[in-house]
Amino acid sequence: MCGIAGVINLRDGLPPPTVEQLEAMAGALDHRGPDERGVYRDAWAGLAHTRLSIIDLSRGQQPLSNEDGSLWVVFNGEIFNYLELREELQATGHRFGTASDTEVVVHAFEEWGTQAFERFDGQFALALWDARERRAIFARDPFGIHPLHFAEQAGRLYFASEVKALFAGAPELPRELDPRGLIETFTFWSIVPPQSVFRGVHELRPGTVRIVEASGTRDAWHFAARYPRGEEGRFRGSFDDAVAATREALEQATRLRALRADVPVASYLSGGLDSSLVAALGQRARGGKLTTFSMRFGDAEYDETDFQRLMVRRLESDHHEVVIARRDIAEVFPDVIRHTERPVLRTAPAPLFLLSRLVRESGIKVVLTGEGADEMFAGYDLFAEGKVRRFWGRQPTSTWRPRLLQRLYPYLARSPVAQRAMAEKFFGRDLARYREPGFAHGPRWHSTASVRRLLTPELRALDRRLDVVGALLADLPAPFASWTPLAQDQYLEIRTLLGGYLLSSQGDRMLMAHSVEGRFPFLDPAVARLADSLPDAYKLHVLDEKHVLKRLAGDLLPEAVAQRHKQPYRAPDALAFVAPEDGRVPAWLDGVLSETALREAGVFEPQAAQALWQKCRRRRDAAFSNADNMALTALLSTQLLHAELLRRPPAIAPRPLQTLVDRVLPP
């Protein structure tokens, strides 16, 4: 992974980007690439790059060009099939000066144009500058593993991996929160690209390519979701065939990600099925002793230590762990939000920030992780809940209704009151709409009402007018209506939460905060295509989630790990701020919750925000409701976002340039 940034002049008569401007943008991304830094500029464009060197450590510096210097690239990510593509390109006459995957990007675009991105097995955000044609080409990987942001100002297009680099390169950009982006976040738990939470800033949608030239700007898909039902591409084998095919695809994906690096590759180990599978396959691919990393919690409610240690014994890995206390979460939360660059409704990114710090302190740059398995193979409770609720909608008088609820949540059988509340408030919501898109997600999107009630009157009125849910459902792909309900739910989960939150706030941003690259075998395009083609019952068998993965894990994992019911990753939320172990509330809290700070940010009504804070302080030793947990975390993270990114200039780390290509002629 690396950091990329740049400036493109969109009209004649503008001066070229300055080296100092590009250096400032790179300096704001120093955490993404502390190893090397490079800049290219000509009369029309400037590119900046900060490098985390993983492949071809001695060469591969960026910006990097083709043989005649007419096509330049800055690249963030990895192309795991670069050796195969390089061989194919060499056979057609392309000459290479490095052994890096980045150079493959340049020659692949020369050979195949934008169709090159369809051939990449990788995770990437990139910018190509065609100096001869004066056009820029941007692309992002299918699931949004790596970020790419844009802003236009005074005839120039600015782009960067992170928004703080946009602010560093263009101080005149508006430093304001975007109301629509906030409302999306407080509805879907994340923005939905191309939206951002900053006025005038937007993201490139995952799986798309953008071309910017004199005639205008156009976007196109290079990867789009497909869930075939009877047409060509549907998996037609038996369940055993599916187990074998999935194992083969996952082994290949993990092998590429474990071996294609010139530095050691370690693995995260949560104790769940997904990371355990990846660690086991990663160890087989690399051979020898694997290094693994886990986080433990002081609060037993969130801890998975027993399962982690089962896997450590099975793997005999060189294991490292960090114990997370509430106090730790509260202390690092300002740093966490500085890196997420968006509000969050959970504190879950904070422990991952601390885990990646441990990884870097241990001398590791690359880790394998299990993200994407739940989205690809139907692992979340939401998918099973959607299936049960649709049955309830179709069969309103069925005697199976309470039994299905108890099967999904066995603990409800012990509490008729809890069962009745769940049936009325959650499972009973909008049952008449069970055929409509978004039905399974409706309860989650309604769960954020406690956050939106804190908004200023102006934002509450805007929330009612915008109808972000309606806008999302009006922008579904044409084949959506032909997909099964489970496929529809999977698509919406990927569209709303995977890229915008899980791969960003919990993934890329927490890893790169400490210059660590994450690799995601479950998001390999071949694995994803196979998963999309499987019959629903191979993924969600009655109510058994990730059914095919559990079967293929049989000889790889301890049975207790392979067959355990998914435990969603969670961390202490409100308790981290109001009841840290030492009893001391973090010093930064008073500043962000003052009436002055609340009015400056202009997002929350000060009286309502302070009333929530006092309510949580009074209940410091009690169990918090889901609503209060989300509301307080959203309040604090939004206020920190305003304080850390909008009220202060971006921090710019000084570092010499290793590469400077300056093609601007003197006057």
Side-chain angles (χ1 to χ4, degrees), residues 187-188 225-231 234-236 239 242 374-413 415-449 467 469-470 472-497 531-548 550 565-566 568:
T187 302
F188 304 123
R226 294 199 299 266
Y227 297 94
R229 286 188 69 185
E231 67 269 27
R234 181 185 177 189
F235 187 87
R236 298 187 179 278
F239 179 67
D374 290 306
E375 290 80 6
M376 298 303 114
F377 293 95
Y380 291 127
D381 285 346
L382 179 144
F383 300 129
E385 291 166 354
K387 186 173 185 178
V388 172
R389 292 180 66 239
R390 286 189 177 96
F391 175 83
W392 280 34
R394 292 194 307 271
Q395 303 287 340
T397 61
S398 172
T399 58
W400 277 97
R401 287 172 52 146
R403 298 183 198 179
L404 287 172
L405 188 57
Q406 290 172 14
R407 182 167 179 177
L408 190 58
Y409 299 117
Y411 67 88
L412 291 176
S415 174
V417 174
Q419 180 170 316
R420 187 165 55 252
M422 177 71 82
E424 292 174 355
K425 295 181 180 180
F426 182 82
F427 274 77
R429 179 186 289 275
D430 297 331
L431 289 181
R433 306 176 68 175
Y434 72 91
R435 294 185 181 88
E436 297 181 13
F439 171 74
H441 284 78
R444 180 196 289 165
W445 297 342
H446 282 93
S447 73
T448 59
D467 184 19
V469 170
L472 171 69
L473 298 180
D475 186 40
L476 298 172
F480 185 90
S482 69
W483 296 339
T484 67
L486 177 62
Q488 293 179 354
D489 295 346
Q490 288 182 270
Y491 171 83
L492 284 171
E493 189 70 1
I494 292 168
R495 175 85 178 272
T496 59
L497 206 66
D532 291 352
S533 74
L534 295 178
D536 289 353
Y538 291 4
K539 293 179 282 189
L540 183 62
H541 182 66
V542 189
L543 297 179
D544 183 36
E545 81 282 357
K546 291 184 291 199
H547 189 55
V548 67
K550 289 178 179 178
H565 183 73
K566 180 175 177 59

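All values reported here derive from a predicted model rather than from experimental measurement.
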Smallest heavy-atom separation, Phe480 atom then Pro437 atom, equals CE2-CB, 3.7 Å
Fill in: Sub-4.5 Å side-chain heavy-atom contact between Leu497 and Phe188
no
To the nearest 0.5 Å, atom OG of Ser533 lies from atom CZ of Arg236 at 10.5 Å
Closest heavy-atom pair, Ala242 versus Tyr538, reported as atoms and distance to 0.1 Å, is CB-CD2, 3.5 Å
> So, does Lys387 use its side chain to make a donor-acceptor pair with the main chain of Leu486 at under 3.5 Å?
Replying inline: no
One should read off an interatomic distance between Leu543 CG and Glu385 CD, to the nearest 0.5 angstrom, of 10.5 Å
Separation between NE2 (His547) and CG (Leu534), nearest 0.5 Å, reads 11.5 Å
Between the OG1 atom in Thr496 and the CH2 atom in Trp445, the distance rounded to the nearest 0.5 Å is 6.0 Å
Residues Tyr491 and Tyr227: closest non-hydrogen pair is N-OH, 3.7 Å
Taken to the nearest 0.5 Å, the spacing of Leu473 CG from Gln488 CD works out to 10.0 Å
query = Do Asp544 and His541 meet the criterion of a side-chain donor-acceptor pair at a distance under 3.5 Å?
reply = no
inquiry  = A side-chain contact here means heavy atoms from C-beta on lying under 4.5 Å apart; do Lys550 and Glu545 qualify?
reply    = yes
To the nearest 0.5 Å, atom CE of Met376 lies from atom NZ of Lys546 at 12.0 Å
Here the pair of heavy atoms bringing Gln490 nearest to Phe377 is NE2-N, 4.1 Å
Taking every heavy atom of Tyr434 against every heavy atom of Arg390, the minimum-distance pair comes out as O-NE, 3.6 Å
task = Spell out, as yes or no, whether a donor-acceptor pair under 3.5 Å connects the side chain of Arg495 to the backbone of Leu476.
result = no
- Arg444, CZ atom: more than 12 neighbouring heavy atoms under 6.0 Å: yes
Only residue of Asp536, Asp374, Asp489 satisfying side chain to side chain contact (heavy atoms under 4.5 Å, CB included) with Phe383 is Asp489
